[in-house]
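The figures that follow rest on heavy atoms only: side chains count, while hydrogens, waters and symmetry mates do not.
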Amino acid sequence: MFYVDRLILVAGILLLLGIVSSKLSARLGIPVLVLFLLLGMVAGSEGIGGIAFENYPLAHGIGTLALALILFDGGLRTPFTAVRAAWKPSLVLATVGVVITAVVTGLAASWILGLSPLQGMLLGSVVSSTDAAAVFSVLRSGGIGLPKRLSAILEIESGSNDPMAIFLTIGCIELLAQPETGPSALLGLFASQMLLGTVIGITMGHFGARMVNRIELTAAGLYPVLVSTVCLLTFGIAAQLGGSGFLATYLAGMTIGNQKIVFRGGILVYHDALAWFSQIVMFVILGLLSFPSRLLSVSGQAMLIGLVLIFVARPLAVSLSLLPFRMRWRELSLLSWVGLKGAVPITLATFPLMMGTPQAGLLFDVVFFIVVMSALVQGCSLPMVSRWLGLRVRVAPASSVTLEMSSLRNVDGEVVEYSVDERSRASGRKVRELALPDGAVIAMLVRENHIIPPQGGTEVLSGDHVIVVLRPGSRPLVDQVFANEDERRVEIPTSIEFPLRGTTSVGELYQFYDIRIDAPVATTLSDVMRRSIDDHENNVDAVARFGPITLRVRSINLSGEIEMVGMTILSEEEIALYEQQRAVVEDKQRINVSEREPPGGASGTK
């Protein structure tokens, strides 16, 4: 009983110190994973804590569970738009890039440590993958903003490259234990890891989203727990069937996060806290496994291997893997530098220890040293490197207030928060000047720590957080209004009718939505339609075409004014067809005019 009480006390102290160290991370410029690892080392048998912990199977189990929860949280926050923009380079880096990194690092380790080529390849395989926990921690909690495409490549790569690293690690261990193992068995292992992990992850993600939306729970706080249960089931099913549990949980989280689910805000907050808890526990436990005296004895050799990994293997893997994508050298340099190592290499390094592989203790110590070195060298310098390459972007401060329709079901609406900076199209404009589509209402403005009830004359300033209640169909237009002028404009879907107020001017249509109409900028859409159709009082549903769009009269008030207009953006095929039809009509008109004209091109006189 006393032992349990003491264990709880020690766990509470370590968690408290971990939380405090995360607060110090930003001030010291050191990634939190390094502080968590150092905390475990200080609390270990050779530190002031004196905690003797050398249970590798237990550490492996805790690390696996924690990493699954971290990957699931990362998937929840990865939008499909980022996947569509970055899946090809990410997939190549997660496969080909991992192999190149493992081979180059393995050859260097074999020569530096005096190991056999296969033992060196084992070490290279263990440290070959970019660690998701480290990348998510540095990018999302370190205040470092990168261009969206680069950030998406790094996050998707780190979330999907574990199957290849696990395949290479287990393959090397199998070959060391049983040299007669054939390549077909290894290829089958990799195929099952990737294919089953992908199928199970996406399937469980759809199943989880449907279950969350359909089940009636008595307490809203149970919905986040239900989603976590889906995460654990996904990992367990994938692992039992021979697939990659890590890949499956990441894809399941991504599938759930990109669907409309009830209590979404609460689910995200809960899993963010769970991911932080998992990071603290995982890195502290892994730190407890280390022995500083043993790390010092291999420091020189491990540092040389780490330098090869950081400055040779990772850049070579990025350059060769992404050669077909014609990326700029600045982007390649940044991707090369953010090959962070973290919990996955240390967790994989416990495999040889549990399986009795020769030189397993040496491999673990070297891997641990490389992880700390990578986090310190690459993680600490990432802000400076991204700024030097001109690829660092400003991170919008988090809002102190959020809204959510958590208690409502089957509601055709959502609450969206937008951060306004000086480049936003909405910055410096009054609420009534924003030309928001019908069905979109600004519910709240948050300025610093103050709530401002919006009025028509309320000015939206840089630094504000705007909370908008809207119908889902109007989201693309609202995204346009709050987007940045120097960013790529949001692609508005074609063949979908968006409701706009008749008072929206032609100038606002171009300013906020990048749609140009051949009319004076002060002209309202109501006036444009009135001039284009006859008897507008009786012409609800009347349609007129203007350049790349069509406008339809949706409603007319009692005074005969057009209140609402439906705007539909034409697809490229529709525009091409229209141009062909217009060309045919113009040709016919020219033919008719030429037939009516007398010879000589002028009217005859007597």
Side-chain angles (χ1 to χ4, degrees), residues 33-34 37-38 40-41 44-47 52-60 63-64 98 101-129 131 134 165-179 181 282-283 285-314 339-377:
L33 68 93
V34 175
L37 284 172
L38 293 178
M41 295 172 67
S45 56
E46 294 186 354
F53 181 78
E54 204 171 350
N55 192 330
Y56 293 104
L58 178 60
H60 172 74
T64 300
V98 170
T101 303
V103 171
V104 175
T105 307
L107 291 175
S110 175
W111 179 70
I112 293 172
L113 296 174
L115 302 174
S116 68
L118 192 53
Q119 289 175 324
M121 183 65 185
L122 173 59
L123 190 149
S125 301
V126 168
V127 297
S128 61
S129 65
D131 187 70
I166 293 172
F167 158 69
L168 293 175
T169 300
I170 295 179
C172 290
I173 293 175
E174 290 289 335
L175 288 174
L176 285 170
Q178 301 176 354
T181 303
M282 175 176 61
F283 286 117
I285 290 294
L286 294 177
L288 287 172
L289 284 177
S290 67
F291 293 88
S293 59
R294 284 164 39 182
L295 294 180
L296 288 175
S297 65
V298 299
S299 59
Q301 297 166 307
M303 185 177 296
L304 288 176
I305 299 173
L307 291 175
V308 172
L309 174 63
I310 295 172
F311 292 100
V312 180
R314 173 68 179 182
L340 291 167
K341 311 304 171 186
V344 171
I346 300 177
T347 303
L348 291 180
T350 62
F351 282 20
L353 287 167
M354 293 186 296
M355 297 181 181
T357 304
Q359 301 290 341
L362 173 64
L363 294 179
F364 182 87
D365 294 335
V366 171
V367 168
F368 196 99
F369 188 95
I370 290 175
V371 168
V372 176
M373 177 182 174
S374 170
L376 285 173
V377 174

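- In this structure, T347 OG1 and Y56 OH are separated by 13.0 Å, a value rounded to the nearest 0.5 Å.
- Atom CG in L288 sits 11.5 Å away from atom CD in E54 (nearest 0.5 Å).
- Taking both residues in full, the closest heavy atoms of V98 and A165 are given as CG1-N, 4.2 Å, listed atom of the first, atom of the second, then distance.
- A distance of 8.5 Å separates CD1 of I310 from CD1 of I370, quoted to the nearest 0.5 Å.
- Under the salt bridge (charged side-chain N to carboxylate O under 4.0 Å, His left out) criterion, the residue pairs touching residues 346-366 are R294-D365, with sequence neighbours excluded.
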Inset, instruction - Give the C-alpha distance, both sets of side-chain angles, the deciding distance and a yes or no for side chain to side chain contact (heavy atoms under 4.5 Å, CB included) between L113 and I305. - result: CA-CA 9 Å; L113 296 174; I305 299 173; 3.8 Å; yes
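- Using a 4.5 Å heavy-atom threshold, the side chains of L363 and L115 count as touching.
- Looking at heavy atoms from C-beta onward, F368 lies in side-chain contact with L37 at the 4.5 angstrom threshold.
- Nearest heavy atoms, A109 versus L123: CB-CD2, 4.1 Å.
- Applying the side chain to side chain contact (heavy atoms under 4.5 Å, CB included) test to L107 and every residue at least two apart in sequence or in another chain returns V103.
- With sequence neighbours left out, P292 forms a side chain to side chain contact (heavy atoms under 4.5 Å, CB included) with M41, E46.
- Annotation: the span from L304 atom CG to L309 atom CG amounts to 12.5 Å, rounded to 0.5 Å.
- For the pair V344 and S129, the tightest heavy-atom approach, listed with the atom from each and the gap, is CG1-OG, 3.7 Å.
- Using a 4.5 Å cut-off on side-chain heavy atoms (C-beta onward), F53 and L58 make contact.
- Across T169, L348, L175, I170, a single residue satisfies side chain to side chain contact (heavy atoms under 4.5 Å, CB included) together with L122, and that is T169.
- Between Q119 and T357, every side-chain heavy-atom pair lies at or beyond the 4.5 Å cut-off.
- One finds the OG atom of S299 at 5.0 Å from the CZ atom of F369 (value rounded to the nearest 0.5 Å).
- Between P352 and F364 the shortest side-chain heavy-atom distance does not fall below 4.5 Å.
- For A375 against L340, the heavy-atom pair with the smallest separation is CA-CD2, 4.5 Å.
- For the atom pair H60 NE2 and L353 CG, the distance stands at 11.5 Å (nearest 0.5 Å).
- Shown here are the side-chain hydrogen bond (donor to acceptor under 3.5 Å, both in side chains) partners of S374, two or more places apart in sequence or in another chain: Q378.
- Residues passing the side chain to side chain contact (heavy atoms under 4.5 Å, CB included) test with A102 are M121, S125, S128, L168, sequence neighbours excluded.
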Legend entry - side chain to side chain contact (heavy atoms under 4.5 Å, CB included) between T105 and R314, intermediate numbers included: CA-CA 9 Å; T105 307; R314 173 68 179 182; over 6 Å; no
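- Pairs passing the salt bridge (charged side-chain N to carboxylate O under 4.0 Å, His left out) check and including a residue from residues 115-125, sequence neighbours excluded, do not occur.
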